[in-house]
Colleague: 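Dumping the structure here so I can ask a few things about it.
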There are 2 protein chains.
Amino acid sequence: MPQLSIKELVDRYIDLTFAVHKKGESLVKEQLQSELSNDQFYTLKYIYKTENCTSTELAKVFDVKKSAITAVITKLWDQDLIERTRDQNDRRVVYLTLTETGLELYKKTEERIYNLVESIITQFEEQEIKQFIDTYEKVNNILTALQEKQ
Amino acid sequence: MPQLSIKELVDRYIDLTFAVHKKGESLVKEQLQSELSNDQFYTLKYIYKTENCTSTELAKVFDVKKSAITAVITKLWDQDLIERTRDQNDRRVVYLTLTETGLELYKKTEERIYNLVESIITQFEEQEIKQFIDTYEKVNNILTALQEKQ
DNA sequence: AATAGATAGTTCAATGATTGAACAGTTAAA
DNA sequence: TTTAACTGTTCAATCATTGAACTATCTATT
């Protein structure tokens, strides 16, 4: 049995990250049923999950300029899906939260994504997928460290 | 020690796919040093790796309309990075290949990406990362099957 | 052979997303 | 108090993507 070289591992990793992401995005898109774009969904999700979420933070996480975030936010705000609240101590800062409508739409679509991912994950032995996600988390930490060195 | 529920696994998986992809894209972008956009790089890569690559295939893999691919291809073609060759048996079909310049640029940037990914992968025990990539491959296969059902 | 339908790829106008630069308002530091 | 830094917005310019119409070609049916 031939030993797998580092080169082969690297190649497979690069190809897989691309392929898995593309297919995932396309399946997520179906679940959103044109009510939201993928990016709009991820934005709602991030705001929902994050205490005191700001534009600056979103710009960093989504890796786009702040003016792009303003556009995204304004579009969601126009649809009454999110609220903007000024920090009373630092009046430059605007906190983003979901409105009731926004929360409802988020929860509804989130559930569809959840079901999709669950249907994938439950095809594995618990031990295998748990190990996978643990390693994935380590990869994420390594990437974070690499980025901060920058 | 509390048992990890499916719900927690699903949540972590969803968050990780998003986070890892964003950070990866941002690090790849640095390596490309504004000579190519990420999508241009992936396009060159796909053409390089694929025998008899066509627009239709690229549109499917990148999940965009064929007119978008025409735009991408034309831009690379303008820079003399790729060639278009008509199939002599079916004259509707156009095959895409890298020019010498395209191949050179691809190889140069590919090497930088390779070094980046290698520096991540070699932080793991070989057994752990090998297992990770095997499971990743299975995830990819499941996604392919899901997409084909569509 | 003649026709109709499917397929590969392109064109082009319209739409959307992202950037870059300038800006207003606010805070922190010297 | 002045200066510098920071948060977020505006707006014009740029770039990517779509949708529809189109050309050229091939396949299947009669």
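So you know, we letter chains A, B, ... as the sequences are listed, proteins then strands, and number each from 1.
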Colleague: Rounded to whole angstrom units, what separation is found between the CG atom of A/Asp90 and the C1' atom of C/dA29?
Modeller: 15 Å
Colleague: Would you indicate which nucleotide in D/dC26, C/dA17, C/dT19 comes nearest to any side-chain atom of A/Lys75?
Modeller: C/dA17
Colleague: Round to the nearest Å and state the distance from B/Asp39 atom CG to C/dA17 atom P.
Modeller: 16 Å
Colleague: Which nucleotide in the set C/dG16, D/dG8, C/dT10 lies at the smallest distance from any side-chain heavy atom of B/Ser55?
Modeller: C/dT10
Colleague: Please tell me which of the listed nucleotides, C/dT18, D/dG19, D/dT17, lies nearest to the side chain of A/Val72?
Modeller: C/dT18
Colleague: Please check the phosphate of D/dT9 (OP1 and OP2 only) for any side-chain N or O of A/Arg84 closer than 4.0 Å.
Modeller: yes
Colleague: I need the CG-P distance between A/Asn52 and D/dT7, as an integer number of Å.
Modeller: 14 Å
Colleague: Counting side-chain heavy atoms from C-beta on, which of D/dT7, D/dT25, C/dC12 comes nearest to B/Ser67?
Modeller: C/dC12
Colleague: Please state how far atom CG in A/Asp78 lies from atom P in C/dG16, giving the value in whole angstrom units.
Modeller: 13 Å
Colleague: Using every non-hydrogen atom in the two residues, find where A/Lys22 and B/Val61 come nearest and quote the distance to one decimal.
Modeller: CG-O, 3.8 Å
Colleague: Determine: side-chain N/O of B/Thr56 to OP1/OP2 of C/dG9, distance under 4.0 Å, yes or no.
Modeller: yes
Colleague: Which one, C/dT26, D/dT17, C/dT18, comes nearest to the side chain of A/Ala71?
Modeller: C/dT18
Colleague: Any idea how A/Phe132 and B/Phe132 line up, ring-wise: parallel (<30°), tilted (30 to 60°), or perpendicular (>60°)?
Modeller: parallel
Colleague: Does the ring center of B/Tyr46 lie less than 6.0 Å from the ring center of B/Tyr106?
Modeller: no
Colleague: Would you say A/Lys65 reaches C/dA17's phosphate, i.e. side-chain N/O to OP1/OP2 under 4.0 Å?
Modeller: no
Colleague: How many whole angstroms separate atom CH2 of B/Trp77 from atom P of C/dG9?
Modeller: 16 Å
Colleague: Might you point out which heavy atoms bring B/Ile47 and B/Cys53 nearest each other, and give the distance in Å?
Modeller: CG1-SG, 4.0 Å
Colleague: Under 4.0 Å, counting only non-hydrogen atoms across every strand here, what does B/Asn89 touch: a base, just sugar-phosphate, or nothing?
Modeller: sugar-phosphate
Colleague: Between atom CD in A/Gln88 and atom C1' in C/dT27, what is the gap in whole Å?
Modeller: 15 Å
Colleague: Choose from C/dT26, C/dA8, C/dG9 the nucleotide whose nearest atom is closest to any side-chain atom of B/Val94.
Modeller: C/dG9
Colleague: What's the closest nucleotide to the side chain of A/Lys66 if the choices are C/dA8, C/dT10, D/dG8?
Modeller: D/dG8
Colleague: Go nucleotide by nucleotide along DNA chain C from the 5' end; which of A/Arg91 and B/Thr74 gets its closest nucleotide reached first?
Modeller: B/Thr74
Colleague: Distance check needed: C/dG5 P versus B/Arg92 CZ, whole Å only.
Modeller: 16 Å
Colleague: Can you tell me how far C1' of C/dT19 sits from CD1 of A/Ile69, to the nearest Å?
Modeller: 13 Å
Colleague: Is the distance between the ring centroids of B/Phe18 and B/Tyr13 less than 6.0 Å?
Modeller: no
